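Below is one structure, written out as structure tokens; comments come after it.
Please read these numbers as outputs of a predicted model, since none were measured by experiment. Just so you know, these numbers use all the heavy atoms, side chains as well, and skip hydrogens, waters and symmetry mates.
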Amino acid sequence: MVKEESFVADGADEEMLGTGAADEKLAERRDEVKFIKGDHQNGDAKIDIGNLNGGKQSFTGMSKEELLKYANDPFWVRLRWIFFVSFWLIWVGMLVGAILIIIGAPKCAAPQPLPWYKRGLHAKFGHVADFKPEDVQAAQKLFASGAIYELPAGQTYEVKKPDVEAQIKQLVDLYKPSDIKIILDLTPNYVSNSSQLMRDALANEEQRAAFVWVKAAGSEPPNNWKKVGGNSSAWTQLEGSYVLSQFGEGNYDLKMNSTLVRRELGGVLQHLVGLGVQGFRLKNTKFYLINDNLADEEISHTTKELNMVDYGFYTHSQTTFQSGLGDVLYDYLGMVKNVSDDAFLSVAEDIIRPEAYVLSQAGDALGIDLPMYGEFIRTLSSSKTNKKLQQQLQQTFMDTANTSWLQWNFADVYVDTSSHPSALALFMSLLPGVPVVPVDSIEYANVSEPTYSQIQQLRLSPSYMHGELQVFEVDQLIAYSRIKSGSPGFFVIFNPTDLPHLSNFTADHKLPDKMTVSYLSENYNNNNGNANATKVAQSTKVNLNELQVAPHSTIVLTYVPVKSE
């Protein structure tokens, strides 16, 4: 039998486990682990570990009662007011800042209205000396913005003489109440033998630089140049030299790019602007420069002249359209603009060769305002033409770089035209450009004031002033649209034929089927080719696919553009 040994504690366990206090802490931190029986089939069990925080409760914040103890504490009251005031100050600051940003933000520039010389038509009269009070009423019939008068060539460099100056002042004063500007046609490229420039040249050789002055090398002229339109030599012997004289006896050509002429003509232009003249049209511009080599003219291969002594027998490549012409004219344009931004400088005749008027260092820009170019008006008004009107019109704009506001010379309308003058006036006046209407032309005599009043209203519309141009041609009808985003567009149709034609423009173009009639040429309902045809009334809607445009007539329609998908 084994004797049981009695176990006496010797303190070793306390040394291994530590003091009793530590044992109590372990007991306090003991986490209870429970095994919870789960699915008996799968033998699953859930384990509940208990409180992992050692029995301590998680932070739950202050209760309402505890917070209310500090509600009236001065520190917290002051802090709340600081936050409250700061919030509203920041909010007001953001509001004010937003308003200032809106006010100070750069605005989209509104399209500027056209300058006066592009807005309205120009009425063309005769010489300055022939003006009369009735001219104002004639210009007002056209709702013109400018009235054109011609200053005689001999007076171009004499505008500072008291009698010439007084005459120009009277002309300007006559039109002041009507707000119609005065435009002068000038001929500055030659002077007479009695002019101050010629007297100075005869007295001082240095002043001869203003002329084409060549010392005589023999009894023969320097070359074979002829007087313009004549058959005699363009050279005149003077003081043992030859002086170029292309424009009649006793008149001498000026070198328009010389410093002397530049100073003289610049002074003339500036003086006239000071008198109240706001526009200038220069004549004979193609002759302003010559070939300094003075080479002989070649025989023209297209000439109809059979006589070698006639002017038309030669090409005139040495005396016309010389390189640098655009720069010379632009120099004079700058002189005018330096005195008045509202003034302009242009030409009084067809420039014929636009490429000669292009600036040397400005792309395709021309050296003048309002060029006059092309035969489109003559083609449009011709009773017999086989030319494609659309192609010719587009080519006219292409030749002038598509940026020029052209002069449309209504003097080119044929007197025997089959089209009613009001139809031509309506069609031409809504193209980009300025119609120039002589008061002795059929376009003035045979077109009523209401038609020109309607033209003026349409020309002031945004679609005309800033709209895009698109030209159409269908079944011998020619038409164009003028449209600007945000504004109603208008569609102008002209029938140059003897028969009515269907205006089927919507088939190949993005145009609406229905448009509103804005205006008709004066002959429209009386010239429809069919006595039983339906009359077209203003402000009514018409179907473009069913509209029969009357012969030799124009109709103006307004529409809202079709949105492209």
Side-chain angles (χ1 to χ4, degrees), residues 150 152-157 185-202 205-262 264-265 282-325 328-329 347-353 356-357:
E150 183 174 349
Q155 295 181 353
T156 300
Y157 295 95
D185 284 353
L186 303 178
T187 310
N189 66 305
Y190 64 85
V191 294
S192 68
N193 50 16
S194 62
S195 68
Q196 187 62 46
L197 280 169
M198 177 52 71
R199 291 199 298 268
D200 292 342
L202 292 172
E205 289 190 5
E206 293 182 356
Q207 301 298 316
R208 296 177 183 180
F211 299 89
V212 184
W213 202 291
V214 182
K215 289 185 178 181
S219 59
E220 294 296 325
N223 52 39
N224 64 352
W225 296 358
K226 303 296 180 181
K227 287 188 180 296
V228 175
N231 52 25
S232 59
S233 174
W235 297 95
T236 298
Q237 282 189 305
L238 198 64
E239 295 285 320
S241 301
Y242 281 101
V243 184
L244 186 62
S245 174
Q246 295 187 90
F247 295 89
E249 294 298 330
N251 294 323
Y252 300 94
D253 292 55
L254 295 172
K255 294 175 68 174
M256 301 302 295
N257 60 340
S258 74
T259 303
L260 292 172
V261 175
R262 183 182 181 278
E264 288 294 323
L265 182 55
L282 304 181
K283 302 182 71 173
N284 298 331
T285 54
K286 67 180 181 180
F287 297 98
Y288 281 15
L289 296 177
I290 64 167
N291 187 342
D292 293 332
N293 295 330
L294 305 182
D296 282 344
E297 295 285 8
E298 297 180 357
I299 297 173
S300 173
H301 297 293
T302 60
T303 182
K304 297 180 181 179
E305 302 285 348
L306 300 178
N307 194 339
M308 291 184 61
V309 300
D310 289 334
Y311 182 80
F313 192 76
Y314 300 96
T315 59
H316 314 298
S317 60
Q318 309 300 317
T319 56
T320 60
F321 302 115
Q322 297 299 299
S323 175
L325 178 57
V328 171
L329 291 169
V347 293
E349 301 147 339
D350 193 321
I351 61 177
I352 301 174
R353 290 174 54 184
Y357 291 77

To check you understand the geometry: which heavy-atom pair defines the closest contact between [X] and [Y], and what is its length?
{"X": "Ser323", "Y": "Leu289", "result": "O-CD1, 3.6 Å"}
{"X": "Ser300", "Y": "Thr315", "result": "CA-CG2, 3.6 Å"}
{"X": "Glu297", "Y": "Thr319", "result": "OE2-OG1, 3.2 Å"}
{"X": "Thr236", "Y": "Lys227", "result": "OG1-NZ, 4.4 Å"}
{"X": "Met198", "Y": "Asn193", "result": "CG-O, 3.6 Å"}
{"X": "Gln322", "Y": "Thr320", "result": "NE2-O, 3.0 Å"}

Hey, are the side chains of [X] and [Y] touching, using non-hydrogen atoms and a 4.5 Å cut-off?
{"X": "Leu254", "Y": "Pro188", "result": "no"}
{"X": "Val212", "Y": "Tyr252", "result": "no"}
{"X": "Leu238", "Y": "Arg208", "result": "no"}
{"X": "Glu264", "Y": "Gln196", "result": "no"}
{"X": "Lys255", "Y": "Leu260", "result": "no"}
{"X": "Asn189", "Y": "Met256", "result": "yes"}
{"X": "Trp235", "Y": "Leu294", "result": "yes"}
{"X": "Asn257", "Y": "Tyr288", "result": "no"}

Could you grab the distance from atom [atom1] of [X] to atom [atom2] of [Y], nearest 0.5 Å is fine?
{"X": "Gln318", "Y": "Asp296", "atom1": "CD", "atom2": "CG", "result": "8.5 Å"}
{"X": "Trp213", "Y": "Asp253", "atom1": "CH2", "atom2": "CG", "result": "12.5 Å"}
{"X": "Leu325", "Y": "Lys286", "atom1": "CG", "atom2": "NZ", "result": "11.5 Å"}

Check: With a 3.5 Å cut-off and no angle check, do the side chains of Tyr314 and Glu298 form a donor-acceptor pair?
Finding: no
Notebook entry, point to check: Does the side chain of Thr285 come under 3.5 Å of the side chain of Tyr357 through a donor N or O and an acceptor N or O?
Noted result: yes
Next item on the list: Look at the aromatic rings of His316 and Tyr311 and report parallel, tilted or perpendicular, splitting at 30° and 60°.
Entry: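 Parallel: the ring planes of His316 and Tyr311 meet at under 30°.
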Ignoring hydrogens and geometry, is there a side-chain-to-backbone donor-acceptor pair from [X] to [Y] under 3.5 Å?
{"X": "Asn223", "Y": "Trp225", "answer": "yes"}
{"X": "Ser192", "Y": "Gly250", "answer": "no"}
{"X": "Glu349", "Y": "Asn284", "answer": "yes"}
{"X": "Asn291", "Y": "Asn293", "answer": "yes"}
{"X": "Ser245", "Y": "Gly248", "answer": "yes"}

Checklist line | Output field: ring centroids Phe287/Tyr190 closer than 6.0 Å | finding: no
